[in-house]
Amino acid sequence: MIIADELINWYRNNGRDLPWRHTKDPYIIWLSEIILQQTRVEQGMPYFYRFVESYPNVKAFAEAGEGELLRLWQGLGYYSRVRNMHKAAKMVMSDFECVFPTQYEEVIKLSGVGEYTAAAISSFSINEKKAVLDGNVFRVLSRYFGIDTPINSTSGKKQFLALANEVISDSHPGLYNQAIMDFGATVCKPKAPDCENCVLSLDCVALKNGLVANLPVKIKGKSSRNRYFHYFVVEKEGAYLFAKRGENDVWANMYEFPLIETQQEVSLEELKEQDEYKVYFGDVEIEEIGEPIKHILSHQNIYARFYRVVDEQNNIEKKPSWNYYNSDNLDKLAKHKLIFSFINKYFMN
DNA sequence: AATACGGGGCC
DNA sequence: GGCCCAGTATT
């Protein structure tokens, strides 16, 4: 296929020099690929260095503590990725004789490794001929071939995967996979693609028909819901009260200040009328710290307020799951963005 | 087939 | 405010 040769040729001259491209080690490739899921290269880069240094091989990763891993992942988002990585690393030790697998059919068995990541690892490490299908590939192929099937529909995924596997280079599948993704990221971009300097422009159906801005087609998702969080900052002798979040909500198992959630925006007076509030804080003095913070996630808008609780008489009814941590211990807890940015703003000196 | 799951950059 | 990013697991 001509398109594959063009892309590889373009890539040899214009590809980005990224650290994970200097290795065939499936473990290192896996590390980079999981980090880069739904994450821009610049955002994931520091985390990649951090993890390679802390855990140079799969054995070290498998032997790490869950909390330690989560702490290192802190701030990157989609935290189930690192939990699945831990599972996967342990699977490598137990089911793959401590050797990180390279074949598509083997790596896809690992937790957190789906079709994309399995194709990436197998093609980059041993040149297995499996086409990657990520956001970049969807975009390049949909524009070049002028395909308007929604990329997030079941039939669309099937159609594009089949096409990607037709287009892939026979002789250099790994290089081709790198090339089409890099090309999508730097030339055939979502906004303002560089069609003037595009090596595929002659045969690009979208460009010919003025449809570049309309492709790829994507079905719109659900809109966000609003949530109202009230965090209570309780300090006692230099230690702070922290709670661990549950399993089945955003930021699973991460740490934060004790929280009361309400369905609507409520005033401080209304908050004090909540049963939950009465149980825990009764009539201790509280004062709001700073302004409310709007924290936006893909599928929810969180409006967070923080209150300082003065508990000189030791009147707080502490939940068993709440614990006090001094600043050293606090630093080791995996906290989500909303909490650690608050801490950095108000507590760091 | 649809939805949850983070955080950040860009327009 | 909406879209997108080297997607996957779950329902």
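Letters A, B, ... are given to chains in the order of the sequence lines, protein chains preceding strands, and every chain is numbered from 1. Note: hydrogens, waters and symmetry copies are ignored here, and every other heavy atom, side chains too, is used.
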Would you call the rings of A/Trp20 and A/Phe48 parallel, tilted or perpendicular if under 30° counts as parallel and over 60° as perpendicular?
perpendicular
How is A/Gln178 classified with respect to the nucleic acid when contacts are heavy atoms under 4.0 Å: base, sugar-phosphate, or nothing?
base
Interface limits on DNA chain C, where chain A has a heavy atom under 4.0 Å of a nucleotide atom:
C/dG1 to C/dA9
State, without any angle test, whether A/Lys236 and A/Asn314 hold a side-chain donor-acceptor pair at a distance under 3.5 Å.
yes
Please determine if a side-chain N or O atom of A/His299 lies less than 4.0 Å away from the OP1 or OP2 oxygen of B/dC5.
yes
Whole angstrom value for the distance that separates P of B/dG9 from NZ of A/Lys189
17 Å
Using whole Å, what does the distance between atom C1' of nucleotide B/dA2 and atom CD1 of A/Ile219 come to?
10 Å
Between C/dC5 and B/dA1 - C1' atom distance, rounded Å:
23 Å
At under 4.0 Å between heavy atoms, what does A/Ile180 touch on the DNA or RNA strands: base, sugar-phosphate, or nothing?
nothing
Would you please classify the geometry between the A/Tyr231 ring and the A/Phe229 ring as parallel, tilted or perpendicular, with 30° and 60° separating the classes?
perpendicular
Within residues 63-87 of chain A, find the residues that approach DNA chain B with a heavy atom at under 4.0 Å, and present them sorted by residue number.
A/Gly75, A/Leu76, A/Gly77, A/Tyr78, A/Tyr79, A/Arg81
May I ask you to evaluate whether A/His295 reaches the phosphate of B/dG7, defined as a side-chain N or O under 4.0 Å from OP1 or OP2?
yes
Within the 4.0 Å heavy-atom criterion, would you say A/Val113 contacts the bases, only the backbone, or no part of the nucleic acid?
sugar-phosphate
Regarding B/dG8, can its base be found pairing with the side chain of A/Thr39 as donor and acceptor, where the two atoms are less than 3.5 Å apart?
no
A/Lys222 NZ to B/dA1 P, in whole Å, measures 18 Å
At under 4.0 Å between heavy atoms, what does A/Asn301 touch on the DNA or RNA strands: base, sugar-phosphate, or nothing?
nothing
Separation of atom CG in A/Leu338 from atom C1' in B/dG7, rounded to whole Å:
12 Å
Roughly how far apart, to the nearest Å, are C/dA9 and B/dG8 at atom P?
24 Å
For A/Asp194, is there an ion pair with A/Lys189 - N to carboxylate O distance below 4.0 angstrom?
no
Separation of atom CG in A/Leu36 from atom C1' in B/dG7, rounded to whole Å
14 Å
Kindly indicate whether the side chain of A/Met181, heavy atoms from C-beta on, has any atom under 4.5 Å from the side chain of A/Thr186.
no
By nearest nucleotide on DNA chain C, pick out whichever of A/Lys294 and A/Met181 is the more 5' one.
A/Lys294
Once the angle between the rings of A/Tyr228 and A/Tyr303 is folded into 0 to 90°, is it parallel (under 30°), tilted (30 to 60°) or perpendicular (over 60°)?
parallel
What orientation do A/Phe306 and A/Phe342 show, parallel under 30°, tilted 30 to 60°, or perpendicular over 60°?
parallel
Please work out whether the ring planes of A/Phe242 and A/Phe257 are parallel, tilted or perpendicular, with thresholds of 30° and 60°.
tilted
Once you apply a heavy-atom cut-off of 4.0 Å, does A/Ser111 come out as touching a base, just sugar-phosphate, or nothing?
sugar-phosphate
Separation of A/Ile302 atom CD1 from B/dA4 atom P, in whole Å?
13 Å
Classify A/Arg225 by what it touches in the nucleic acid, base, sugar-phosphate, or nothing, heavy-atom distance under 4.0 Å.
nothing
Distance in angstrom units between A/Lys157 NZ and B/dT3 P, rounded
12 Å
Residue pair A/Leu338 / A/Glu256, side-chain heavy-atom distance below 4.5 Å:
no
What's the NE2-P distance between A/His336 and B/dG8, to the nearest Å?
13 Å
If you look at every strand shown and take non-hydrogen atoms under 4.0 Å, does A/Ser32 touch a base, only sugar-phosphate, or nothing?
nothing
Quick one: on DNA chain C, does A/Ile296 or A/Val41 contact a more 5' nucleotide (nearest heavy atom)?
A/Ile296
Does a side chain donor of either A/Arg21 or A/Gln178 reach within less than 3.5 Å of an acceptor in the other side chain?
yes
Only one of A/Arg71, A/His86, A/Lys87 forms a side chain to side chain contact (heavy atoms under 4.5 Å, CB included) with A/Glu66, so which one is it?
A/His86
For A/Lys191 and for A/Asn152, locate the closest nucleotide of DNA chain B by heavy-atom distance; then report the residue assigned to the nucleotide nearer the 5' terminus.
A/Asn152
With P as the reference atom in both, quote the distance from C/dA6 to B/dA4 in angstrom, rounded to an integer.
24 Å
On DNA chain B, more 5' by nearest nucleotide between A/Gln43 and A/Gly221 is A/Gly221
